[in-house]
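Values below: every heavy atom of this structure, side chains too, minus hydrogens, waters and symmetry copies.
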Amino acid sequence: MELPKAYSPKEVEDKIYKLWEESGFFSPEGLSSVASAKEDRFTSRKFVAAIAPPNITGELHIGHALENTLEDIVIRMRRMQGYKTLWLPGTDHAGIAAQNKVEKQLAKEGLTRHKIGREKFLERMWEWREKYGNIILDQFKKLGLSVDWTRTQFTMNPGYQKAVETAFKKYQEKGWIYRGERVISWCPRCATSISDLEVNHVPEKGRLYFIKYGPFVLATTRPETKLGDTALAVHPSDERYKKYIGQEIEIDSVDNTLPAEQPPQIKKISLKVVDDISVDKEFGTGIIKVTPAHDLTDYEISLRHNLPLVKIIDERGKMNENAGIRYQGLKVAQAREQIAKDLETLGLIEKIEDYDHNVGHCDRCDSVIEPLPSKQWFLKMEELAKLAIEALGNGEVVVHSEKWGQDMKNWLTNVRDWNISRQLWWGHKIPIDGEEDVLDTWFSSALWPFAAMGWPEKTKDLTEYYPTDFITSDRGIRYLWQARMIFSGKFFTGSAPFKDIYIHATVLTKNGKRMSKSLGTGIDPLAVIEKYGADALRFGLAYQTTELQDMRFGEDTIIMGKKFANKFWNIARYVLMKLGDDYEITGTRPLGSEIISKMDSAAESVTKNIEKYKFGEAAHELYDFIWHEFADKYIEETKDKDDQETKNALAYLLLTCLKLLHPFMPFITEEVYSKLPIKDKGLLIVEKWPS
RNA sequence: GCGCGCUUAGCUCAGUUGGUUAGAGCACUGCUUUUACACAGCAGGGGUCGUAGGUUCGAAUCCUACAGCGCGCACCA
């Protein structure tokens, strides 16, 4: 059987993937066809993982490629070790992100969701999901992922909807769901509340306005919120202001009842001075205006001092009737300019300084966030957080590396109640009569490992495969998703939903910047696969993986993977040539020569490293052994030998390396395996792991 | 601001509990087209291990300070 001189991935990959799919070995049911009770293969031991479901909005990016390559390495090794493996795939409806996509689509047609109405809009959402929802999953096939496609889930499937409803009701029975008017982070563009975790603080150049407030001067970046002031606050121990605490102070303000066309006039108002420890004596003049409705810190102060809220900014980011006719209808930024001008005219501004500060932006659309009071649904976190902290503390869930586990515990210890309602249309409707809002998308994601298996029904899958063994994601969603999965699992099923969490590195550009599609700094995995092959990409990614260090990824590493694939291909060619036509590989271990024992210890070490999720080390060991020990030394030393012993050793080395390399480079290894002179062989994917 | 991480060859990174001449891939130089592979082989150049101190018989490895880069949390109005 002649092998071509160079390995060409394109001719191999799709063909091999098809073979695997047809074999049924991606499903535990398929594995039972080759099960052996005697050797305990695919019978009693199980290994289960649920994929991090990609959003229906997306396309494959290099982060997905890394994440799922690593997970596939674990799954493939476990499968070969004889575990009945299940890797459960699916997609996430991605509430706000997906809704934004379709709204953009509508905008191109000159439409808005309000113009077409809720029903029609949801139809469009489902159309989107039909058309684009599975793109990533299809792309996963190019990567060679061995997920069980017969079980593909979606977070808005009817069964999953039921899980979400059930979960909500169970929380309700506990009395942990409540509705409250609170100041929350609001995105005027998306017209919904968003989670604090979805607010990005971006440094911006702003201005600090020093405004006269009666006998005081105080500094603010947002003069327009003056119209919503309900108090002034100082630090309790500030000697400068101690005598004013508790007093009502008369202040010159601007008359907001005058139309904008008229020159500004002074209006007297009065504000009480309160003392609060949150005030920094050192900043500005040490005295602050309190605008409870539009500032999170001020809101906290208002709760402590029982101050009223005056809402002056509406849900579209415009000044409302409480701002007075002079400002009503202006956008926040316009109102800021207008009032600054008015105050200046009235001589109420002492000075204006340039000022660099951080401004909150929406994670999804980058609009400036407006804190404002809004009626939202909340989930009490106290008891739930305890459940997760306990699971992380007693080793029921182990986080790799430990650094991230500690980090999650810290977050859970300080976590506030979860605002679970969103003013969107795409998502799970809050299961309360007359309620129009939907649930935060992470509410359903939090149920993923068990809801994807059919919970709350007592399904066979749930009994057999839950809890799972492994999950992985990048660090960006360890609170949003992983921490919440832990307490959801504990609360609803009594078990933590997985044993091991692996937080993988973030892939950066070669220059250490975040990869961004809009900046054109991303690497498209599909283009890489097209150019170098999936195995090269997979191996390159795994080779660079370390526990903590983020990964600056360039083509060099992929080129290395490609060269390595070609090297391995030629090792196989050589061995096959050397073995000759009538040799049959039996897989028996030749008696211990030096190279054989080196092989064995490499096998053991690679296994241990994958089991400990030390992917980079495992890849290095394989590379070094195959290239430098097997090829450079052993093959070179035995070139002039033709005896049976050498042939046995060559055959054994090739077969063992093939197996060890398979999780990293599944396509080329399966292809080579298909060419080996072995009697009654099946597919490499279910062959016995060497260690 | 608080916390964490990183800083080792031109580039991207390894360096296990401190111990002889600090490693890999890519790039580079020279030689080799020898029937597995030129996507290769052999040989080689290149590093005061961020800076300054300290501990030690001995430090890239431990401690302190500083600097640069990055991440997370919190936002000071």
Taking the minimum atom-to-atom distance to the side chain of [X], which one of [options] wins?
| X | options | value |
| --- | --- | --- |
| A:Asn566 | B:G25, B:U35, B:C37 | B:C37 |
| A:Lys563 | B:C11, B:C13, B:A40 | B:A40 |
| A:Lys5 | B:C13, B:C26, B:C37 | B:C37 |

Suppose you measure atom [atom1] in [N] against the same atom in [M]; what distance do you get, rounded to whole Å?
| N | M | atom1 | value |
| --- | --- | --- | --- |
| B:G50 | B:U61 | C1' | 16 Å |
| B:A22 | B:G46 | P | 13 Å |
| B:A36 | B:G41 | P | 14 Å |

With sugar-phosphate meaning primed atoms plus P, OP1 and OP2, does [X] contact a base, only sugar-phosphate, or nothing at under 4.0 Å between heavy atoms?
| X | result |
| --- | --- |
| A:Phe564 | nothing |
| A:Ile571 | base |
| A:Tyr7 | nothing |

Task: Members of residues 631-647 of chain A that approach RNA chain B, where some heavy atom sits under 4.0 Å away - done: A:Ala631, A:Asp632, A:Ile635, A:Glu636, A:Lys639
TODO: Residues of residues 478-486 of chain A with any non-hydrogen atom less than 4.0 angstrom from an atom of RNA chain B: list those, numerically ordered, please.
DONE: A:Arg478, A:Tyr479
Just by distance, with hydrogens left out, do [X] and [Y] show a side-chain donor and acceptor under 3.5 Å apart?
| X | Y | value |
| --- | --- | --- |
| A:Asp238 | A:Tyr244 | no |
| A:Ser278 | A:Glu300 | no |
| A:Asn570 | A:Tyr7 | no |
| A:Tyr241 | A:Asp275 | no |
| A:His504 | A:Asp474 | no |

TODO: Please name the residue in the list A:Phe568, A:Phe564, A:Phe667, A:Phe615 that meets the ring-ring contact (aromatic ring centres under 6.0 Å, His included) test with A:Phe539.
DONE: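 When A:Phe568, A:Phe564, A:Phe667, A:Phe615 are each tested with A:Phe539, the ring-ring contact (aromatic ring centres under 6.0 Å, His included) holds only for A:Phe564.
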Task: Aromatic contact, A:Tyr613 with A:His400 (centres under 6.0 Å) - done: yes
Is the positively charged end of [X] above the ring of [Y], judged by distance under 6.0 angstrom from the centroid and angle within 45° of the axis?
| X | Y | answer |
| --- | --- | --- |
| A:Lys598 | A:Phe630 | no |
| A:Arg478 | A:Trp411 | no |
| A:Lys351 | A:Phe210 | yes |

TODO: Indicate yes or no: does A:Lys341 engage A:Glu337 in a salt bridge with an N to O separation below 4.0 Å.
DONE: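 No.
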TODO: Flag the pair A:Lys612 and A:Glu617 as a salt bridge only when some basic side-chain nitrogen lies within less than 4.0 angstrom of an acidic carboxylate oxygen.
DONE: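 No, A:Lys612 and A:Glu617 are not salt-bridged.
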TODO: Using a 4.5 Å cut-off on heavy atoms from C-beta on, say whether the side chain of A:Leu684 contacts that of A:Leu658.
DONE: yes
Task: Pairwise side-chain contact, A:Met599 with A:Phe625, heavy-atom cut-off 4.5 Å (strictly under) - done: yes
I'd like a table of atom pairs between the protein and nucleotides 31-33 of chain B - only N or O on both sides, under 3.5 Å - with the distance next to each one.
none

Between the protein and nucleotides 74-77 of chain B, which nitrogen or oxygen pairs are less than 3.5 angstrom apart?
from	atom 1	to	atom 2	distance (Å)
B:C75	O3'	A:Thr297	OG1	3.3
B:C75	N3	A:Asn358	ND2	2.9
B:C75	N4	A:Asn358	ND2	2.4
B:C76	OP1	A:Thr297	OG1	2.2
B:C76	OP2	A:Thr297	OG1	3.4
B:C76	O2'	A:Tyr355	OH	2.7
B:C76	N3	A:Asp280	OD2	3.3
B:A77	OP1	A:His357	ND1	3.3
B:A77	OP2	A:Tyr355	OH	2.2
B:A77	O3'	A:Thr221	N	2.6
B:A77	O3'	A:Thr221	OG1	2.9
B:A77	O2'	A:Thr220	OG1	3.3
B:A77	N6	A:Asp280	O	2.9
B:A77	N1	A:Asp280	N	3.4

Task: Stem regions touching RNA chain B, defined by at least 3 consecutive Watson-Crick or wobble G-U pairs below 3.5 angstrom - done: B:1-7 with B:67-73, B:10-13 with B:23-26, B:28-32 with B:40-44, B:50-54 with B:62-66
Open item on the list: Just N and O in the side chain of A:Trp627: are any of them under 4.0 Å from OP1 or OP2 of B:A24?
Closed with: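 Indeed not, no polar side-chain atom of A:Trp627 lies that close.
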Task: For A:His235, all residues meeting ring-ring contact (aromatic ring centres under 6.0 Å, His included), sequence neighbours excluded - done: none
- [ ] Record whether the side chain of A:Lys562 comes under 3.5 Å of the base of B:C39 through a donor-acceptor pair of N or O atoms.
- [x]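 Check passes, donor-acceptor contact within cut-off.
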TODO: Heavy atoms only: give me the nearest A:Asn419-A:Ser193 pair and the separation to one decimal.
DONE: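 Closest pair (atom of A:Asn419, atom of A:Ser193, distance): OD1-OG, 3.2 Å.
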